[in-house]
Amino acid sequence: MRRLPVFFVIDCSESMVGKPIEAVQDGIDFIMSNLRTDPYALETVYISLIAYAGIVRTLVPLTELFAYRDCELPLGGGTHLGKALDHLGKEIDRSVMKTTAEVKGDWKPIVYLFSDGRPTDDYEDAIQRFKAKYDNKVTVIALGLGQDVDFSILKKLTEHCIALDQMDQDYIKGLCKWISASVVSQSISVGQNLDKQDLLPLDERYMHLAKQKLTFRKSQADDRTVTFVGRCQKLHHPYILKYSRNLHYSGLSDLNINVYNFKLDTCEAISEDYFSWTDQTAEKPKINTSVLEGWSNCPHCHAETAFAMCACGNLMCYDGYSELVICPWCQRQISFESSGGDFDLSRGQG
Ligand SMILES: [Zn+2]
Ligand SMILES: [Zn+2]
C-alpha cells in the first residue's frame, strides 16, 4: 500500500494568541474528523503535525488517519521558520518511504505550512537547503494568515502561496474546508494511480492566491503586534498581553503624517508550556509604554491591572492598593507608589 503523507506545519508564535490560535485549533480538529469519515482518505492518508514558535517540535509523527488523536497546539515566543523547515526535512527523510528499483515508495508528500507573520530567525539559508533537496519531491502549500504575512519570503519557498486576509473564525474555517477537500481529492487521484497535484479551486470569499510581491521593512520583531508576558502576583501563573498597531492620528493626506500606537487586543492566560516553546536566547526588542493604549485585568486573579513592572524588568499583576508585593519572577519585595511616568519594556519576539 502506497501512503499519501500529509504534513501540517503550524505557526504557534505568540502573535497567534487568543482567537487566531483557537480558530486554527478548531480548523485542524475539523480537518481530521472530516478526513476520518472519508473512505478514500482513510485508505491512503497519513498525517503528521509539527508546531513551530521559538522552538520546533513534532506533535504527531506520521500516523495513519484512523490512529490520529487530536492534540492541543502550543504557544511560544518567536517564529523560527528556518528551524521549522530543517525539522520538516528531517521528518520527511525519517518517515517517508522512497521509491527504489524494487519497491514503489510513498506518494509525493504534501505540506501545509501555516504562517501569520515574518520569521524571526535566519530563514534564507534554510529555504535554500529545503528547495535544493525537496523541490520536486514535496508539494508545499504556504498559507498566510492575516495582514502581517511577508509573502516575498514564502514565495521563495513555493509557488503555491495562499493568502487569507483575516485571521478570524470564518476565514480559517473556510481555509480548513478547502484543505480537507484538497486532501480528499488527492487521495482519490492516487487511488486511481494518478500522481498529479493541482490545487483545487479556492473559495474566493475567504482566500486568494498571493500574487503580488509584498515587501516589508526588515525587522527582528513583528511590527503590527507587540506582546508581553507577565505573571500573576498571587497565583504565579503566566499570561500574555497582545497589542495591535492602530492608526492614532492621520495628518492631511499630502503631508503624509501618520502616527501609530498600539491598542490592547487581548490578555489571555497561558500555560507554563509557553516557556518551553520560546527561544530564550533571543534578544527581546524594547518598546516605550507611551505608545501602548488600554489595560487589562489579570486573567488569573482579576487584579486591577496586568501591567505592573518590577525593577527586574518583568510584568506582573497588581491589585492597586497593596503596598508591599513579591515579584513572581525574581522574588524581590517591592513597594508600589503611583507614578505616571512611561518606561521602556521588553516585548516578545512575535
Ligand atoms: Zn493576578
Ligand atoms: Zn522582579
Side-chain angles (χ1 to χ4, degrees), residues 12-23 25 53-55 72-79 120 220-222 225-246 261-350:
C12 296
S13 58
E14 56 202 349
S15 49
M16 295 280 290
V17 69
K19 295 216 164 64
I21 195 89
E22 283 167 26
Q25 175 84 58
I55 302 293
E72 201 181 322
L73 296 175
L75 198 70
T79 308
T120 51
Q220 273 300 99
D222 214 315
T225 58
V226 288
T227 54
F228 304 96
V229 174
R231 271 187 196 277
C232 176
Q233 197 256 315
K234 291 199 182 84
L235 302 167
H236 290 204
H237 301 319
Y239 54 80
I240 195 164
L241 287 142
K242 176 179 168 184
Y243 287 81
S244 297
R245 201 159 89 120
N246 167 52
N261 68 358
F262 289 86
K263 240 190 161 136
L264 181 69
D265 185 317
T266 185
C267 179
E268 306 260 340
I270 53 173
S271 72
E272 290 294 336
D273 203 31
Y274 168 86
F275 300 97
S276 84
W277 283 89
T278 300
D279 178 8
Q280 306 287 359
T281 63
E283 207 178 302
K284 294 196 177 94
K286 295 225 186 288
I287 190 166
N288 193 281
T289 53
S290 63
V291 299
L292 302 177
E293 187 187 323
W295 307 98
S296 169
N297 291 359
C298 173
H300 294 292
C301 73
H302 309 290
E304 189 177 294
T305 175
F307 216 105
M309 198 178 64
C310 171
C312 72
N314 289 304
L315 284 182
M316 69 187 111
C317 71
Y318 180 57
D319 57 19
Y321 51 82
S322 299
E323 279 174 13
L324 278 178
V325 296
I326 308 275
C327 170
W329 298 91
C330 70
Q331 316 309 326
R332 209 182 317 210
Q333 202 179 49
I334 32 180
S335 61
F336 272 101
E337 314 147 26
S338 58
S339 76
D342 289 313
F343 45 87
D344 285 329
L345 261 186
S346 294
R347 51 185 273 206
Q349 304 152 47

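All ligand and atom numbering here is 1-based and tracks the order in the structure. For clarity, every value in this text was computed on a predicted model and none was experimentally measured.
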Could you check Asn261, Val291, Asp265 and say which one makes a side-chain contact (heavy atoms from CB on, under 4.5 Å) with Asn246? Asn261
Which pairs, with at least one residue in residues 276-299 and sequence neighbours excluded, count as a ring-ring contact (aromatic ring centres under 6.0 Å, His included)? Trp295-Phe307
Supply the atom-to-atom distance His237 NE2 to Cys298 SG, rounded to the nearest 0.5 angstrom. 9.5 Å
Taking side chain as C-beta onward, heavy atoms only, is Leu292 less than 4.5 Å from Val226? yes
Using a 4.5 Å cut-off on heavy atoms from C-beta on, say whether the side chain of Cys317 contacts that of Gln233. yes
Could you enumerate the protein N, O or S atoms under 2.8 Å from the Zn ion (ligand 1), written like residue then atom name? Cys232 SG, Cys298 SG, Cys301 SG, Cys317 SG
Give, rounded to 10 degrees, the angle between SG (Cys327) and SG (Cys330) as seen from the Zn ion (ligand 2). 110°
Run the salt-bridge test on Arg231 and Glu272 with the 4.0 Å N-O cut-off and return the result as yes or no. yes
